[in-house]
Amino acid sequence: MSHSQTETGAPTEQGTLAAALRNRNLILGGLLTLVFLGAALISFVWVPYDVTQMAIANKIKPPYAEHLLGTDHYGRDILSMLMVGARTSIAVAVLAVGIGMVIGVPLGLWAAAKRGSLLDEVIMRGNDLVFAFPSLVIAVMITAAFGPSATNAIVAIGIFNIPVFARITRSGALTLWNRDFILAARVAGKGSARISFEHILPNVLNLLIVQGTIQFSLGILAEAGLSYVGLGAQPPTPSWGRMLADSQTFISFAPHMALFPGLAILLTVLGLNLMGDGLRDLFDPKLRRGRT
Amino acid sequence: QDSLTLGLQLEPPHMDPTSAAAGAIDQVVYANVFEGLTRFGPDGSVNPSLARSWDISEDGLTYTFHLVEGAKFHDGTDFEATDVVFSLDRARAEDSVNAQKSLFAGIESVEALDPATVQVTLSAPDGMFLFKMAWGDAVMVAPESIETITTNPVGTGAFTFGNWVQGDSITLQKNPDYWGEPAMLDSATFKFISDPTAAFAAMMAGDVDVFVAFPAPENLPQFDADPRYNVLIGNTEGETIVAMNNARPPFDNKLVREAVAHAINRQDIIDGAMFGYGTPIGTFFAPHNPDYVDLTEMSAYDPEAAKALLEEAGVELPLSVKMTLPPTSYARRGGEIVAAQLREVGIVAQIENVEWAQWLENTFRNAHDYDLTIISHTEPMDIASLADPDYYTGYDNPAFREVIDQIAVESDPEVRSDLLGQAQTMLAEDYVAGFLFELPLHTVAKTGVEGLWINMPTQATDLTGVYWDN
Amino acid sequence: MLRFTLTRLLSLCLSLAVASVVIFAAIEVLPGDPASIMLGVNAQPDTLAALRAELGLDQPMAARYLDWIGGLLRGDFGISYTYRTPVVEMIGDRLAVSLPLALFSLALTIVIAFPVGIWAAARRGSVADVAIMGLTQLGVAIPNFWFAMLMVLVFAINLQWFSAGGFAGWDAGLFPALKSLTLPAIALALPQASILARVMRSALLDTLSEDFIRTARAKGLSRREALWRHALRNALIPVLTIIGMQFSFLLAGGIIIENVFYLPGLGRLIFQAISARDLIVVESVVMLLVFAVIVVNFLVELAYAAVDPRLRAR
Amino acid sequence: MNLLDIRNLSLAIHGTPILHDVSLTLEAGRILGVIGESGSGKSMTAFSTMQLLPQGAEPTGQILLDGQDILTRTERDMCSVRGREIGMVFQEPMTALNPLKRIGDQVAETITQHERVPRRTAMERAAEALRRAELPPEKFPMSRFPHELSGGQRQRVVIAMAIALRPRLLIADEPTTALDVTTQAQILALLKKLVREEGMGLMMISHDLAVVADMADEIAIMQKGRVVETGPAETLFREMQHPYSKALLAASTHAPERGAEVAETPLLEVRKVRRSYALPAKTPFGARREIEAVKGVSFTLKRGESLGLVGESGCGKSTLTRAILGLEEVQSGEIALAGAPVFTGHKPNPEVRRKMQVVFQDPYGSFNPRHRVARLVAEPFHLLPDTPRAERDRAVAEALEAVGLSAADGAKYIHEFSGGQRQRIAIARALITRPELILLDEAVSALDVQVRAQILDLLADLSDRFGLSYLFISHDLSVVRSITDRVLVMKSGEIVEEGPTEQVFDSPQHPYTQALVAAAPVLPDDVAA
Ligand SMILES: Nc1ncnc2c1ncn2[C@@H]1O[C@H](COP(=O)(O)OP(=O)(O)OP(=O)(O)O)[C@@H](O)[C@H]1O
Ligand SMILES: Nc1ncnc2c1ncn2[C@@H]1O[C@H](COP(=O)(O)OP(=O)(O)OP(=O)(O)O)[C@@H](O)[C@H]1O
Ligand SMILES: [Mg+2]
Ligand SMILES: [Mg+2]
């Protein structure tokens with residue numbers, strides 16, 4: 001026990017970093033996420049094959065030396081498609097979850113703070129209305145108004161995410177408002193907005209991390225559904241979701257076409273989840289190792 | 001076995017073929033439940049149906065139809081000349097909602113001479129009149145049943161309408177009182193399966209016996225290799241084209257259109273989008289038609305020529321255009337390939353996938369707001385539609401119009417054939433569109449089902465001759 | 001309680017009224033004309049006009065809204081543009097498939113998720129936990145249709161235990177009807193169960209560190225017993241929230257699954273209706289969904305109070 | 001053989017040593033009193049015996065129960081030991097109860113867990129246990145939820161839970177801190193009876209030397225994770241060797257020097273305050289029932305004054321505190337601080353709130369588990385905008401040191417502290433902005449006498465220097481006597497007696513006050529000297 005305990009009260013940055021480094025989930029998750037993020041970034045400067053170029057004669061080839069992950073029904077290189085598709089898919093999912101969180105979480109906190117009031121009622125019924133609209137209808141409405149694009153897919157999925165996060169946040173916040181430390185915060189003169197962010201939010205963070213990673217993977221898949229009706233990234237811009245959707249009818253004789261985008265989604269989401277779990281442990285004071 | 005389950009991709013919205021364009025309606029009821037004065041045969045020929053014969057006056061203006069005897073509607077009432085009058089008058093009435101009202105535009109009057117004879121007077125001679133009377137939109141309906149025709153169709157056909165589980169299936173029953181050759185099946189059920197993968201699974205699992213217009217050509221080799229199934233490959237009336245907006249730049253310039261035509265590699269599209277099925281076309285005409293002229297060489301794949309043409313046209317490269325794609329699989333897939341091919345010659349076609357409703361509204365109907373689109377024209381003999389300068393293609397050629405006008409009134413087959421050839425050549429020479437292929441029809445059937453139509457001269461699933469051969 | 005019920009009802013009515021305006025406004029502005037879709041590419045302008053008149057589409061929007069809402073109040077949802085049948089009947093028919101399917105898959109979801117989530121939480125950090133969470137990961141990330149297809153390949157095509165799709169209909173009897181809903185219900189339940197299990201685990205872990213768990217253990221409860229009897233209920237609120245959302249979602253959200261199994265459900269109805277611009281059907285279904293979501297959330301709110309006495313007051 | 005024999009128990013949590021070679025023994029039918037410094041490891045020793053240590057704890061040594069080592073026992077074994085063989089009363093009753101379960105069920109669970117009895121029998125026995133713990137179900141229905149009980153009432157639920165099965169060993173960690181002296185006397189009598197008549201072994205952790213002196217057969221004194229002295233109760237106090245023990249005893253009679261002047265201007269005015277709680281209706285549409293916790297209380301607190309509030313557990317003291325703080329609205333009556341009402345309209349008045357701070361009865365629950373202590377202590381700075389960061393940090397460090405903690409503790413989380421340490425953190429938080437009025441609800445109940453003396457000095461000093469006023473709620477009459485000028489005696493939601501502290505305690509008028517004063521435990525005269 002030779003490590004010095006810092007005498008100032010401030011938590012040491014190294015302490016957090018060291019804890020983070022000891023966290024296996026965090027590291028593994030971070031690595032996985034980095035691989036795919038890296039692939040997306042590399043694709044800006046280099047891909048094995050141009051994804052806009054087709055080679056019909058060479059279509060539906062299982063993996064072999066020249067095409068490590070095989071080719072799709074237009075003879076395009078699946079590896080390259082995956083790399084470029086990572087850009088769209090990750091961007092859509094991250095931003096859509098971001099929109100859902102940035103709007104939904106405060107709404108949920110607000111509603112919980114004013115539980116039982118008119119405001120709560122208005123917020124939650126508004127959420128119900130948005131939630132009840134089938135995402136397809138929202139998608140069609142948005143395309144109709146603004147034309148199809150990946151941006152609009154982000155907005156559509158983001159809108160759908162808002163009530164999800166609002167509800168989850170509110171449910172977590174409701175019980176917390178009964179805790180005594182809220183009284184202490186109120187004695188310190190903090191208003192409900194401040195209490196919500198300083199005291200409620202950190203305590204619902206676990207729920208949000210879990211829900212966030214779930215919505216992330218649903219977002220990648222939703223983009224595929226939306227591009228089917230015309231919203232979403234327009235071809236030839238590839239996206240994982242659409243690669244999957246396109247491969248649907250080939251599944252019985254060319255499973256590789258679905259397998260690799262499926263794996264890509266799976267591993268990315270897995271990475272994020274591991275990271276989520278890791279963060280959760282990192283932020284959980286009771287699980288922290290001694291500050292060494 | 002005397003019942004049959006058929007898979008269809010689209011469910012009819014309702015059962016009245018005379019008040020909607022949905023081919024899905026005809027697909028179920030044409031020739032099975034409803035019959036017209038004439039009807040299409042499996043090869044597209046026009047044959048007698050409820051009119052057993054007819055006389056045409058010298059001037060070609062008066063048609064006298066002799067109706068079959070003993071025909072009854074399914075509700076038990078007799079089919080008589082007054083029903084013909086009613087049906088045709090209803091279709092051409094002021095407030096008619098018949099989707100093909102133009103079929104009846106030439107009719108001056110319809111009269112019942114006696115219960116078994118009807119006289120139709122035209123305002124001008126029309127060589128296509130009997131053909132027009134064979135359409136699903138011209139079938140005979142019973143006046144008493146008009147109120148409920150959308151849910152309970154009453155016709156004269158070999159099958160009566162049985163049961164409709166909306167969203168799922170429609171069952172037809174054999175009509176024991178049929179006036180003609182009775183059906184060989186006791187009942188037939190149409191199941192509606194829109195998802196291509198589901199269609200494959202349903203067929204494989206044996207849930208359906210026949211799938212008409214099987215939607216995923218990529219799965220056909222599997223059925224072909226399987227002795228339990230037969231794959232019937234036929235043709236439709238669907239000319240699939242890359243439509244170009246002739247009315248606005250850059251495609252108002254024939255050179256640019258020609259460049260596009262040469263940039264397109266038909267075989268790649270047929271291989272990539274249709275998995276090898278489909279006959280290449282070089283003009284807007286069905287290749288199985290005897291009057292078809294093969295002009296594919298005029299728009300042979302030649303990217304170098306395309307580039308040269310673009311340069312000649314003086315357009316700035318890369319030329320950026322929009323390609324609007326409706327939701328059909330041939331359009332979405334074909335569009336992606338076309339875009340890739342165009343990119344090779346310096347045309348960047350931005351793909352915009354749209355819904356059918358939007359395509360109809362923005363591309364086809366009002367605004368004609370598009371540069372390129374892909375669509376299959378499935379009506380028989382629809383070359384005439386291109387003559388309309390207000391048509392979405394925006395093709396405005398008085399010479400072509402004249403030829404089409406002549407065809408309409410010409411009844412001498414030889415002259416007609418010649419005129420049709422001229423019209424086809426004009427379209428090809430003007431590079432009105434990128435002509436891709438004639439849409440094929442794939443029907444997958446269990447071995448033992450016989451008597452199915454192989455081709456689809458009109459949207460129909462004629463079950464009158466279908467039987468199990470065990 | 002009486003007052004509570006009354007204010008709730010009032011709130012419900014108000015919400016529905018507002019929702020009706022929003023829904024109508026949002027959906028009516030969609031481009032695309034139902035008449036033009038029905039009559040296809042060869043229709044003549046006069047025919048289109050005639051059909052629009054017949055459908056009442058030539059009326060001004062306000063009049064159509066009043067017509068629709070007036071009908072709704074009388075329980076008459078109007079006549080579908082494309083199907084030409086009363087919308088109520090159509091929705092009723094579809095609900096007869098969708099509602100049982102939603103309930104079925106929700107039941108499956110709960111039956112799978114609860115034990116799995118609890119099990120994982122009880123063994124936090126163990127190999128079992130990691131494996132289970134990995135599996136739920138798979139469940140969330142695997143596209144629905146993929147899994148559905150896989151099941152069809154195995155159970156319908158190879159083993160021939162089930163048919164590949166379709167709905168036998170309730171007339172055919174309870175068993176055949178349920179049988180035809182089994183594969184779709186499983187396909188729908190898999191991702192939902194994965195989600196629920198993850199949420200369950202997370203919420204449980206949060207409560208497991210509370211002091212009262214230690215009290216329970218001091219009474220002689222094993223870790224697992226403490227989890228079941230004390231932590232579970234405390235973790236239930238977020239779980240109930242998710243269940244509520246899942247039910248609302250399952251009612252009409254299974255479009256993909258309905259497509260893969262060609263089931264005549266509500267989701268496909270919406271899809272068809274929106275493609276055909278059968279707006280009156282879309283509006284009515286969305287209205288119904290809003291109603292369902294509000295009711296479900298009201299029930300969830302009641303469940304909160306049932307679970308947590310501290311939420312009863314006020 | 002000894003019932004409990006702890007041998008050389010050492011403990012580290014995440015590598016930080018907490019206990020060093022702790023050895024204790026306890027025979028059946030006897031009482032071991034454990035006293036000592038706050039944070040010295042008393043509770044950890046108790047948790048070790050139950051094998052309910054926090055995450056990351058690694059015990060070494062031996063804990064023999066009937067000669068069998070608990071540390072080597074399997075978890076399964078322990079499950080049948082806990083609750084039946086060993087019962088435990090937790091130090092912090094507020095968070096020890098499941099908020100979602102009725103108290104009757106929670107008590108009955110101890111029984112059903114170990115014996116196959118029908119639910120009815122279990123409930124009857126639970127009722128019996130509650131009755132013995134002075135919480136008769138007739139007055140406090142078993143259908144209540146924990147949040148509907150006062151601090152002392154919850155503590156009694158925890159006691160009922162621990163004794164329901166009459167375990168052979170009872171570990172009571174400060175079992176009576178939240179109880180008024182009369183109730184405390186009854187509980188202590190009950191415990192004694194269980195020990196003497198049924199041969200139970202009792203390990204009683206307490207800061208109240210008088211209580212320990214009265215109850216214990218053996219006494220152990222702990223400091224800094226070590227047992228510094230043990231011995232029989234009769235002799236230990238007189239023959240203490242260890243300097244810490246001596247210091248501890250000396251501190252027990254310490255009375256702070258107080259020289260603050262009480263101004264005549266009233267600071268806090270409470271007039272006819274009523275507060276009632278709604279209980280759920282019996283039937284869904286039936287009328288709501290209410291219980292009145294505070295029934296028209298009036299008093300004034302003058303500037304610079306230290307006002308004591310004593311009274312029966314559950315008489316409404318904490319409720320009154322919350323009302324004064326403006327945390328809950330009252331049904332009727334007025335509360336004004338320096339002339340300004342705490343509520344304007346239905347909103348708490350921020351101006352007034354700035355002038356008040358509080359130490360809640362339940363220190364643990366009043367801290368956000370996810371914030372570090374430094375941040376928690378700094379929270380009231382929110383009331384004073386624009387305090388520079390550096391100044392805050394300095395103030396936090398100062399406050400922590402003032403209550404006997406170190407500045408480094410600011411980097412820890414609240415669960416890493418002992419009960420008394422948490423209480424001190426709560427005090428540090430209340431003092432940090434130097435408000436005009438501080439409400440202290442059982443603020444020193446978990447502190448050892450030495451630290452308590454330090455805190456009381458601090459309070460007196462602050463009052464001297466800054467004119468702070470206190471409303472001091474406590475069950476410990478000697479503390480109230482040493483720190484307050486005036487005292488209010490409360491019973492069943494009403495103030496029954498009021499007057500200068502000396503006068504009320506020396507010649508109580510109201511029968512309840514007389515009972516209180518009579519029941520207060522005192523150290524034997526020869527020890528206290
Ligand atoms: N979870 C934990 N992590 C790290 N340190 C802890 C933890 N819990 C307690 N401690 C430390 O262990 C020491 C002993 O704590 P314990 O609760 O046993 O004290 P105690 O003697 O019961 O004090 P008190 O009388 O104040 O309750 C304290 O210094 C405390 O800071
Ligand atoms: N939320 C509630 N619902 C119903 N009754 C309550 C509620 N909170 C407190 N009570 C009751 O009000 C009375 C006063 O409680 P309070 O907490 O003010 O007592 P107290 O004087 O602080 O007691 P103690 O000294 O035990 O902490 C008690 O009888 C308690 O049972
Ligand atoms: Mg302690
Ligand atoms: Mg209290």
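Just so you know, these numbers use all the heavy atoms, side chains as well, and skip hydrogens, waters and symmetry mates.
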Top contributor to chain C contacts, counting heavy-atom pairs under 4.5 Å, from [options]:
options	value
D:Gln51, D:Lys101, D:Glu109, D:Met161	D:Glu109
D:Glu75, D:Arg84, D:Glu85, D:Met88	D:Glu75
D:Thr95, D:Asn98, D:Ile111	D:Asn98

Query raised in the report: Using non-hydrogen atoms only, which part of D:Arg102 is less than 4.5 Å away from chain C: side chain, backbone, both, or neither?
Result: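 Contact with chain C is through the side chain of D:Arg102 alone.
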**Report entry** Interchain contact, D:Leu52 with chain C, by part (heavy-atom threshold 4.5 Å)
**Finding:**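 Backbone plus side chain of D:Leu52, per the 4.5 Å heavy-atom cut-off to chain C.
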Can we say [X] and [Y] salt-bridge, meaning some charged N sits less than 4.0 Å from an Asp/Glu carboxylate O?
X	Y	answer
D:Arg275	D:Glu292	no
D:Arg168	D:Asp66	yes
D:Glu92	D:Arg154	no
D:Asp105	D:Arg119	yes

Query - Top of C:Asp308, C:Thr207, C:Val307, C:Leu221 for chain D proximity - count of heavy-atom pairs under 4.5 angstrom - result: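 Maximum pair count with chain D is reached by C:Leu221.
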Could you check whether [Y] and [X], counting side-chain N and O atoms only, form a donor-acceptor pair closer than 3.5 Å?
X	Y	value
D:Glu58	D:His14	no
C:Glu225	D:Gln113	yes
C:Arg229	D:Gln106	no
D:Gln68	D:Arg73	yes
D:Gln155	D:Thr177	yes

**Report entry** Considering all heavy atoms, the nearest C:Ser105-C:Leu250 contact
**Finding:**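 Scanning both residues completely, I find the closest heavy atoms to be OG-CD1, 3.5 Å.
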Query raised in the report: If you round to the nearest 0.5 Å, how far is CD of D:Glu148 from OH of D:Tyr277?
Result: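 Separation between the atoms: 10.5 Å.
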Report task. Kindly indicate, with the supporting measurements, whether the criterion side chain to side chain contact (heavy atoms under 4.5 Å, CB included) is fulfilled by C:Leu181 and C:Val97. Result -> CA-CA 8 Å; C:Leu181 292 182; C:Val97 178; 4.3 Å; yes
Query - Sorted by number, residues from residues 209-219 of chain C in contact with chain D (heavy atoms, under 4.5 Å) - result: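 Hits under 4.5 Å: C:Asp211, C:Phe212, C:Arg214, C:Thr215, C:Arg217, C:Ala218, C:Lys219.
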Requested in this report: Could you please state which residues from residues 127-139 of chain C sit under 4.5 angstrom from chain D, measuring non-hydrogen atom to non-hydrogen atom, sorted by number, or 'none'?
Outcome: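 Those residues of residues 127-139 of chain C which would need a heavy atom under 4.5 Å from chain D do not exist here.
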